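Here is the structure we will look at, set down as C-alpha cells.
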2 protein chains.
Amino acid sequence: MTSSTTGFQVIRSASLVDEAFRQIRVGILNGDLAAGSPLRDSVLAEQMGISRSPVREALRLLEQSGLVEKSANRSYRISDLAAADIPELATLRLADEIVAVRTIVQHKVALDPLDAALERLGSPGTTALEIAAADAAFHAAVVALAGMPRLNARYADLTDQIRLVLLAGDLEQTGSSSVLVERHTALRDALRTAIDSGDPLPAIRAWEAHLLQGMQVPDLLDPL
Amino acid sequence: MTSSTTGFQVIRSASLVDEAFRQIRVGILNGDLAAGSPLRDSVLAEQMGISRSPVREALRLLEQSGLVEKSANRSYRISDLAAADIPELATLRLADEIVAVRTIVQHKVALDPLDAALERLGSPGTTALEIAAADAAFHAAVVALAGMPRLNARYADLTDQIRLVLLAGDLEQTGSSSVLVERHTALRDALRTAIDSGDPLPAIRAWEAHLLQGMQVPDLLDPL
DNA sequence: TGATCGCATTCTGTCGACAATCGACAGAAT
DNA sequence: ATTCTGTCGATTGTCGACAGAATGCGATCA
C-alpha cells in the first residue's frame, strides 16, 4: 500500500456530518435511543458537543436511509417500523441478494472473501448478538462480491431497517451457531457449483429457501 | 443577478430544502447545468435567492440519490455516469420492476391506472421528450401499483440516474410513438393474463425482453 | 365545571459570519 | 531549468443567532 514504508496512516478527519450520522445510526441500531421519542437536533448537537447544522444534515441523511422519519409536526423520530413492513423489506432484500448471486455466477467471481465471514460465524464463544452480526456480514459479503456500488448502498440501508424492525419486536430468532455455519456454508457451496455449471438457478433457489426460513417472506418467490 | 441564464426560480414557500432539491434536480435532468462543472453552493444559493444552508442539505440529498457526487472535502459535481454504469443501473431497474410485477400478480392489483399512461403515450403530436417521459411514466406507474413505498423511492432514484446517463451520451433511442404504445400495451396485457392465470413468469419474460431491447442489459437474465 | 382563547416557552427553519482547508501561483533554492 | 516552499484567493465546513410555527399552560368566560 501507499504508506507501507513509513507506517503512517492517511489522515482523514471525517466531517462532523459523517460522524454525527455514524453515531446516531449506531445509537438507533443499538437501541440506545428511545424508539418513539422525538430526535431533537439541539439535544443531539449538545450531546455531541457540536452545532446543530451537521446534526440536521445527518438527520436528513438518516431519513433517506430509512432509519428516521419526520412526523407530522415535523420533528424527527426513529422510524416506527412494524411487522407490517417486514414483507416489503424482506422482499427487497431477497431481490437484491438474487441480483448479487446472478452477477457473481455470471462473472465467476472468486468466493474466497466469504471464508472469513464463515469463520467468524463459527468461532466459538460468541454472543447471540455477535452471531447475528456475523450472519449479516456473510450476506453483506456476498452482495459486495457483485461489485455493484449502488446495490451495496441500498442493501446496507435495507439491512439497517430490518435490524431496526427486529430490535423493535425483538424477535431475534437466530439459531445456534453450528447450524448457521452449516447453512451458510451450504449457500457458498451452492454459489460455487452454480459458477462451475453456469446455471444460477439452484443457487437462487437455495437463497430463497434460506431467507424464507429466516423470516416470513411473502410467497412471492415460488413461481420462479 | 437574475436567474434568467439558468432558469431557476426564486423560492417562496414549502421547505427551502425540498424546493432547492427539486430545482437542482430538474436542472440536472434537463441538462441546464453543465455536466462536468462543479456545483458551488454559494452560487446556487445566490441564484435561488436563499442562503447556503438549505442548498447544502439539498446537495447532500442529491448525493444520496445518485445524481450528484462530491470529492472529499471538495465541491459537488454532477455525477459523471458513463456507459460503464449502464449495466448496473439497468440490472437494478429490471430487478425492481420484476419485484413490482410479481407483487402485482400475486395481489391481483387492478391495472386501470396504467390506461392513463398508455393514453398519454399514444396521444398524437408529442415531442420526443414527452414520449420519453410518458414511457418512463408507464413504468413508474407499474412500480407504483405494487404499493411498496421503499421500492418506489429507490426506483425513482434509479430512473433519475438512468436519465442522466442518457442525457450525457444522448443516445435517446425512443422509437416511434405508435410502436411504443403497442409494446407497452402488450406489457399491460401480459400483466393481466398473468394475474388471471396466477403465473407471473410470462409477464416477467415480457418485461425482460422489453427492457433488453430498450438498452443493453447484461445477459444476466436469460438463465431465468 | 368544562371549553376556548391567549400567552409563554420550545423547537425548527433559515441566515449571515467566522474558521479551516484546498488549489494555484510565485519566488527561492538547488 | 527544475523542484521545493511559502503565501494567497477561493470555497467549503461549522457556528451562533434570529424569526416563524407549534405546543403546552393558564386564565377567562359560558
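In what follows, chains carry the letters A, B, and so on, assigned in the order in which the sequence lines appear, proteins first and then strands, with residues in each chain numbered from 1. Remember, it's a predicted structure, so these values are computed and weren't measured experimentally.
- Nearest nucleotide to the Arg56(B) side chain, out of dT14(C), dT12(D), dT12(C): dT12(D).
- Of all nucleotides present, only dT2(D) satisfies the Watson-Crick or G-U wobble test against dA29(C), with each distance under 3.5 Å.
- The pair Glu57(B)-Arg60(B) does not meet the salt-bridge criterion, since no charged nitrogen lies less than 4.0 angstrom from a carboxylate oxygen.
- Residue Leu16(A) contributes atom CG, which lies 17 Å from atom P of dT12(D) at whole-angstrom precision.
- The CG atom of Asp41(A) sits 14 Å away from the C1' atom of dC15(D) (whole-angstrom rounding).
- Glu46(A) has its CD atom 11 Å from the P atom of dC11(C), to the nearest Å.
- With dG16(C), dT12(C), dT12(D) as the choices, the nucleotide that has an atom nearest any side-chain atom of Ser51(B) turns out to be dG16(C).
- Between Asp157(A) and Arg154(B) no salt bridge is recorded (no basic side-chain N to carboxylate O distance below 4.0 Å).
- Candidate nucleotides dT11(D), dC11(C), dG13(D) were compared by shortest atom distance to the side chain of Lys70(B), and dG13(D) ranks first.
- The side chain of Pro54(B) has dC15(C) as its nearest neighbour among dT11(D), dT12(C), dC15(C).
- Across the protein-nucleic acid pair, Ile50(A) atom CD1 and dG16(D) atom P stand 11 Å apart, rounded to whole Å.
- Of the possible polar contacts, one joining the Ser79(B) side chain to the Val68(B) backbone as a donor-acceptor pair under 3.5 Å is found.
- Atom pair Arg77(A):CZ and dC11(C):C1' shows a separation of 16 Å (rounding to whole Å applied).
- Judged by Watson-Crick or G-U wobble contacts below 3.5 Å, the nucleotide dA8(C) has dT23(D) as its partner.
- Between Arg52(A) and dT12(C) there is no side-chain N or O to OP1 or OP2 distance below 4.0 Å.
- For Arg74(A), counting side-chain heavy atoms from C-beta on, the closest listed nucleotide (dT12(D), dC15(C), dT12(C)) is dT12(C).
- Residue-to-nucleotide proximity on DNA chain C shows that, of Ser75(A) and Ser53(A), the 5′-proximal contact is made by Ser75(A).
- In this structure, the CG atom of Leu59(A) is 13 Å from the C1' atom of dG13(C), given to the nearest Å.
- As a whole-Å value, the separation of Tyr76(B) OH from dA10(D) P is 22 Å.
- Ring geometry for Trp207(B) against Phe138(B) counts as parallel: the plane angle stays under 30°, on a 0 to 90° scale with 60° as the upper cut.
- Taking both residues in full, the closest heavy atoms of Asp85(B) and Asp80(B) are given as OD2-O, 4.2 Å, listed atom of the first, atom of the second, then distance.
- Nucleotide dC15(C) holds its P atom 11 Å from the CD atom of Glu57(B), rounded to whole Å.
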